[in-house]
Amino acid sequence: MARTLLLGDEIALPVNTGTATSFSSATVVRLVNTSGNPQVVTVVETQSGSGIGSFTMLGSTTELLEKNASYCVFASSVDVKGTKVGFTG
């Protein structure tokens, strides 16, 4: 059974590409949408960089996002929180 290893503090995702975060070079980020509304999560190469992709995160859900360590993430609302994680077991 896989378990989640916390590797950082939870933060509210930035809401624009200029302040997007790599979560200290995380390769896996646990995301939670604390709102009941859908929110768009976007991955970019660097802060203010080219877009890699985006997805709509349904309200009141969690996702594990795998990304390159240098890629940065932002969301359409601060209701999306993120934490750098890894896996054990």
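Only a predicted model underlies this, so the values are computations on that prediction, with no experimental measurement involved. Numbers for residues simply follow the sequence, beginning at 1.
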Pairs meeting criterion side-chain hydrogen bond (donor to acceptor under 3.5 Å, both in side chains) with involvement of residues 42-60, two or more places apart: none
Partner set under side-chain hydrogen bond (donor to acceptor under 3.5 Å, both in side chains) for [X], not counting sequence neighbours:
X     : answer
Ser76 : Gln39
Thr17 : none
Thr19 : Asn16

Looking only at non-hydrogen atoms, find the nearest pair between Phe74 and Pro14 and report the distance. CB-O, 3.2 Å
Indicate the atoms forming the closest heavy-atom contact of Cys72 with Ser22, along with that distance. SG-N, 3.8 Å
Connecting only ILVMFWY residues whose side-chain heavy atoms lie within less than 4.5 Å of each other, what is the rest of Tyr71's hydrophobic cluster? Ile11, Leu13, Phe23, Val29, Leu31, Val41, Val43, Ile52, Phe55, Met57, Leu65, Val73, Val80
Spacing of Ser25 atom OG and Asn68 atom CG [to the nearest 0.5 Å]: 11.0 Å
Are Phe87 and Leu7 linked, directly or through other ILVMFWY residues, by side chains that come within less than 4.5 angstrom of each other? no
Can you hop from Val32 to Leu64 via hydrophobic side chains spaced under 4.5 Å? no
Do the side chain of Thr27 and the main chain of Ala69 share a donor and acceptor less than 3.5 angstrom apart? no
Can you tell me if Asn33 uses its side chain to pair, donor with acceptor, with the backbone of Thr61 under 3.5 Å? no
Not counting sequence neighbours, which residues clear side chain to side chain contact (heavy atoms under 4.5 Å, CB included) with Ser24? List them please. Lys84
Please lay out, stage by stage, how Arg3 and Leu5 fare under the test side-chain contact (heavy atoms from CB on, under 4.5 Å). CA-CA 6 Å; Arg3 295 173 289 187; Leu5 175 66; over 6 Å; no
